[in-house]
Colleague: 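Please find one structure pasted underneath; my questions will follow.
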Amino acid sequence: HALGWARLSKDGIADVIINLHKPASISGTTTDKKGDPIAGAHVRIEKISLQEGGERYEDILTLDGVSTDLSITDPDGKFVFHNLPEPSHVFLQITAEGYAQMAGVGNLVNMRDTVYRLAPEGRIEGTLTFADSGKPFVGAKVTTWGYAEAMIRSQTDEHGKYTLRGLSTGFYTITFRDLPEGSDWVV
């Protein structure tokens, strides 16, 4: 892999600067707490660019204009991403039905043949209603952030019910959005 750019001078001469990096890979295995493999887990990576004003996340792999930043674990729980630009830091997120999602930031050098043990899924369920009438609030956006996890999202249904899935053990702050101004509601 190479990254290059050129600056063309007034006389038509170009100085080309090329930065070569050895291609890197990320590989690992997803298991449950007992060590049994988890097949079909979704593993997603994003490149982290350190910029003025904070970090920026972006797709790390593009092949013929198609993002290839998602892998699904095989029957042995294994996944791999090849030909990544090194050195680089990435955000890695693993989700699997029935398990708490796992997310974190790492350097490609330290992310080879890693075992990721997923905990059983925890969830928060509730109902959002208007305080004065007891009627359900429909369509509110419900979000939370957990320790070492990406944002978890839900929306209240026609009964005001919501479920936040894929959580690990811990404390959570829940945010409700799209509520009418000045209304009182009960969770």
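Side chains included, hydrogens not; waters and symmetry mates left out as well; all remaining heavy atoms used.
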Colleague: Taking it one step at a time, do Val115 and Thr31 satisfy side chain to side chain contact (heavy atoms under 4.5 Å, CB included)?
Modeller: CA-CA 7 Å; Val115 175; Thr31 69; 4.0 Å; yes
Colleague: Evaluate the side-chain proximity of Leu118 to Asp32: yes if any heavy-atom separation is below 4.5 Å, no if none is.
Modeller: no
Colleague: Are the side chain of Glu121 and the backbone of Gly166 linked by a donor-acceptor contact shorter than 3.5 Å?
Modeller: yes
Colleague: Looking at side-chain heavy atoms only, is the closest gap between Val138 and Asp157 below 4.5 Å?
Modeller: no
Colleague: Search all heavy atoms of Ile94 against all heavy atoms of Ala41 and return the closest pair with its distance.
Modeller: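 So the minimum-distance heavy-atom pair works out to CG2-CB, 4.2 Å.
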Colleague: Is there side-chain contact between Leu164 and Tyr172, with heavy atoms separated by less than 4.5 Å?
Modeller: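 Sidechains of Tyr172 and Leu164: no contact.
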Colleague: Less than 4.5 Å apart, side chain to side chain, heavy atoms only: is that true for Val43 and Ile72?
Modeller: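 No - every pair of side-chain heavy atoms lies 4.5 Å or more apart.
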Colleague: Which heavy atom of Gly160 sits nearest to which heavy atom of Pro136, and what is that distance?
Modeller: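 Nearest pair, atom of Gly160 first, then Pro136: N-CB, 3.4 Å.
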Colleague: Please identify which of these residues, Asp178, Thr175, Thr156, meets the side-chain hydrogen bond (donor to acceptor under 3.5 Å, both in side chains) condition with Lys141.
Modeller: Asp178
Colleague: Output the distance between atom CG (Asp36) and atom CG (Asp76), rounded to the nearest 0.5 Å.
Modeller: 11.5 Å
Colleague: For the atom pair OG1 (Thr144) and CZ (Phe176), what is the distance rounded to the nearest 0.5 Å?
Modeller: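 If I round to the nearest 0.5 Å, the distance is 9.5 Å.
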Colleague: Over all heavy atoms of both residues, which pair between Arg123 and Arg165 is shortest? Give the atoms and the distance, please.
Modeller: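 For Arg123 versus Arg165, the nearest heavy atoms are NH1-NH1, 2.9 Å.
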Colleague: To the nearest 0.5 Å, what is the distance between CG on Leu128 and NE2 on His159?
Modeller: 14.5 Å
Colleague: About how many Å separate CD1 of Ile38 and NZ of Lys78, when rounded to the nearest 0.5 Å?
Modeller: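 Rounded to the nearest 0.5 Å, the NZ-CD1 separation comes out at 13.0 Å.
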Colleague: Will you find, in the side chains of Ser27 and Asp113, an N or O donor that is under 3.5 Å from an N or O acceptor?
Modeller: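 Indeed, the side chains of Ser27 and Asp113 share at least one donor-acceptor pair under 3.5 Å.
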Colleague: Do the non-hydrogen side-chain atoms of Ile152 and Gln101 ever get within less than 4.5 Å of each other?
Modeller: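 Contact flag for Ile152/Gln101 side chains = yes.
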Colleague: Check Tyr116 against Met102 and note the closest heavy-atom contact, atom names and distance.
Modeller: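 Here Tyr116 and Met102 meet closest at CD2-SD, 3.6 Å.
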Colleague: If you measure from CZ on Phe81 to CD1 on Ile26, what distance do you get to the nearest 0.5 Å?
Modeller: 6.5 Å
Colleague: Side-chain contact test, heavy atoms from C-beta onward, threshold under 4.5 Å: evaluate it for Lys161 versus Glu125 and give yes or no.
Modeller: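 No, too far: nothing below the 4.5 Å cut-off.
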Colleague: Starting at NE2 of His42, measure out to CD of Glu97 and round the result to the nearest 0.5 Å.
Modeller: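 Interatomic distance, His42 NE2 to Glu97 CD, rounded to 0.5 Å: 9.5 Å.
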Colleague: On a heavy-atom basis, which atom in Phe79 and which in Ser71 lie closest, and how many Å separate them?
Modeller: CB-OG, 3.6 Å
